Amino acid sequence: MHFKPENICVVGLGYIGLPTASILGASGHRVIGYDVKEEKISQLLKGNLPFFEPGLKTLFEGAVNSGNLTFSKTLPSAEAYIICVPTPITEDEKPDMSSLSNATEAVAEKCPEGSLIIIESTVYPGATEEIVIPHFKKRGFIPGKNIFFAHCPERVIPGRIVKELIENDRVIGGFDEKSAQMAKSIYSTFVEGEIFLTDIKTAEMVKVAENTFRMVNIALSMEFALLAEKFGVDVWEVIELANRHPRVKILKPGPGMGGHCLPVDPYFLLIKKINPSIIHSSLEMNKILIEHSANLACEFVKEGERVTVLGVAYKADVDDHRNSPGFAIGKLLEERKISVVYHDPYVRIESVKENLLEAVSGSHLILLTVDHTPYKKLNPEEIGSVMEKKQIVDLRGIINFEEWKKANFRVKVLGRGKEI
Ligand code: SAJ
């Protein structure tokens with residue numbers, strides 16, 4: 001079957017919605033971007049993007065200039081909707097589907113008969129059925145007859161979103177065969193990877209399983225780091241050598257997994273109880289590493305001294321600081337009466353310094369929390385010359401140990417139990 005909607009409305013213009021709206025516009029669809037944040041729409045209408053992502057500006061400008069991509073402060077009527085709203089967890093670590101519920105309630109009020117509703121947001125298995133579809137049913141719509149549903153989870157990684165939107169395989173879960181085929185008609189206009197069709201609940205679990213797999217792998221590497229410190233070996237060397245086995249691929253430990261996906265989505269599976277749970281323990285391991293990182297810093301500084309946290313983005317070379325390990329560790333240090341200065345080359349908010357030498361000046365310790373490319377080229381001589389004490393704790397295993405030692409730094413690397 002072929003379905004070419006006259007208009008596609010993308011609801012929620014964040015890290016996923018905006019690139020998706022842009023690529024759809026660039027692929028010949030007429031797209032209307034909508035977001036509850038009116039200020040965001042005002043900025044987009046002026047051509048200002050809310051975040052940096054390689055290749056996005058060009059794609060966005062192409063779509064806007066062709067007239068295919070427009071923005072609206074009110075939710076429009078459209079033949080297809082793609083919902084990309086946040087689905088976080090609550091304070092007590094339960095799925096928070098309120099934005100999804102609000103967005104789809106609004107869509108149910110606006111959409112004409114025959115519309116296709118696609119959910120891209122990551123959700124728990126069963127959420128489309130429990131949270132989304134009831135809004136339409138109560139308005140008299142009959143799923144599979146005059147309204148169609150699909151879950152097409154986004155799988156793109158920040159830093160490579162545009163490339164992965166095109167190249168990655170996609171999984172589409174349809175309410176029925178027709179819904180799945182309708183969604184496939186849209187995605188096949190820009191996806192060069194393979195598109196796999198299944199049912200909605202399976203697609204929901206596929207997405208959460210992917211992020212959980214990565215989270216558990218990283219949590220295991222964190223446990224290896226803690227063990228290496230106890231055994232007196234270097235975890236970085238262990239992982240590098242173990243990964244030479246053809247069937248082993250251990251990811252890297254660090255001060256904590258941040259962002260809006262890995263430390264969040266696995267909780268969506270914990271709404272069903274299994275004991276013992278690898279997923280639960282892995283999420284705990286992530287929390288332990290934040291604490292462990294603060295403890296490592298405290299081996300170097302005492303009350304009243306100053307630590308400079310290098311990196312508040314949640315990972316390398318992005319400007320996103322949601323669930324930032326850097327901020328979380330800094331908060332723990334402040335609670336222990338240690339003063340904290342934050343630096344990041346990409347995150348531009350008031351509490352974060354842009355100038356590196358200014359950020360480390362007078363400091364008693366550098367706490368390296370993110371493997372940003374510029375941090376791989378730090379000059380220990382220059383940095384040491386402005387610090388109060390020459391000390392560094394590297395939580396990403398990226399510094400050249402010998403070089404920092406030669407510049408008279410006291411050095412500690414996470415997971416490096418081996419004496420040099
Ligand atoms: N991290 C490590 N060690 C590693 C890799 C990552 O500590 O070896 C940390 C990062 O520093 C970061 C966190 O994990 O704090 C998450 O970063 P990430 O790059 O692993 O993943 P995200 O959250 O940016 O994107 C993930 C991706 N999921 C998978 O690769 C399975 C992406 O494809 C998803 O689309 C995205 O979640 C999402 O939106 O769900």
Side-chain angles (χ1 to χ4, degrees), residues 12 14-20 51 53-54 84-89 119-124 151-165 167-171 193 203-225 235-236 239-240 242-243 249-269 282-283 285-290 292-293 311-329 344 346-347 368-373 375 394-398 414-415:
Y15 288 88
I16 301 302
L18 189 57
T20 302
F51 56 89
E53 182 62 38
C84 305
V85 296
T87 45
I89 46 170
I119 310 299
E120 281 216 17
S121 310
T122 307
V123 296
Y124 67 86
H151 179 52
C152 184
E154 59 84 8
R155 298 171 123 179
V156 290
I157 197 148
R160 288 211 308 261
I161 289 182
V162 174
K163 189 171 157 26
E164 292 204 354
L165 266 178
E167 292 176 5
N168 287 6
D169 291 348
R170 286 302 286 236
V171 173
E204 288 170 335
M205 184 149 171
V206 167
K207 164 67 196 202
V208 185
E210 291 166 3
N211 278 357
T212 301
F213 169 80
R214 190 165 171 84
M215 187 280 293
V216 170
N217 188 332
I218 297 168
L220 182 62
S221 75
M222 289 170 165
E223 185 165 344
F224 290 158
V235 78
W236 305 94
I239 292 176
E240 197 183 316
N243 282 349
K249 177 79 186 90
I250 306 164
L251 292 171
K252 291 186 188 140
M257 289 172 255
H260 231 252
C261 308
L262 263 51
V264 173
D265 302 347
Y267 284 103
F268 294 175
L269 296 177
S282 303
L283 288 163
M285 181 59 71
N286 193 35
K287 292 179 190 163
I288 287 169
L289 260 287
I290 300 276
H292 181 71
S293 301
V312 297
Y314 82 89
K315 67 172 185 177
D317 301 326
V318 299
D319 62 4
D320 184 348
H321 59 88
R322 292 177 297 174
N323 289 324
S324 147
F327 278 136
I329 299 164
D344 197 288
Y346 306 110
V347 178
L368 187 49
T369 56
V370 183
D371 42 346
H372 284 317
T373 304
Y375 290 162
D394 172 10
L395 301 165
R396 293 283 182 176
I398 58 168
L414 171 73

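Counting convention: from 1, in listed order, for ligands and their atoms alike. Note that the coordinates shown come from a computational prediction; the quantities given were computed from them, not determined experimentally. If you read the sequence from its start, that first residue is 1, and numbering goes on from there.
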Using a threshold of 4.0 angstrom between heavy atoms of the protein and any atom of ligand 1, which residues qualify?
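Heavy-atom contacts below 4.0 Å: E154, R155, V156, I157, P158, K207, E210, N211, R214, I218, L251, K252, G256, M257, G258, C261, L262, D265, Y314, K315, R396.
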Might you point out which heavy atoms bring [X] and [Y] nearest each other, and give the distance in Å?
{"X": "H260", "Y": "P88", "answer": "CE1-CB, 3.8 Å"}
{"X": "I157", "Y": "E164", "answer": "N-OE1, 3.2 Å"}
{"X": "G12", "Y": "V85", "answer": "CA-CG1, 4.3 Å"}

Any carboxylate oxygen within less than 4.0 angstrom of a Lys/Arg side-chain nitrogen, looking at E120 and R170?
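Result for this pair is yes, salt bridge flagged.
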Carboxylate-amine/guanidinium contact E154 K207, below 4.0 Å:
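Salt bridge between E154 and K207, a charged N being under 4.0 Å from a carboxylate O: yes.
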So does K252 have more than 12 non-hydrogen atoms from other groups sitting under 6.0 Å from NZ?
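At most 12 heavy atoms, drawn from other residues, nucleotides or ligands, come within 6.0 Å of this atom.
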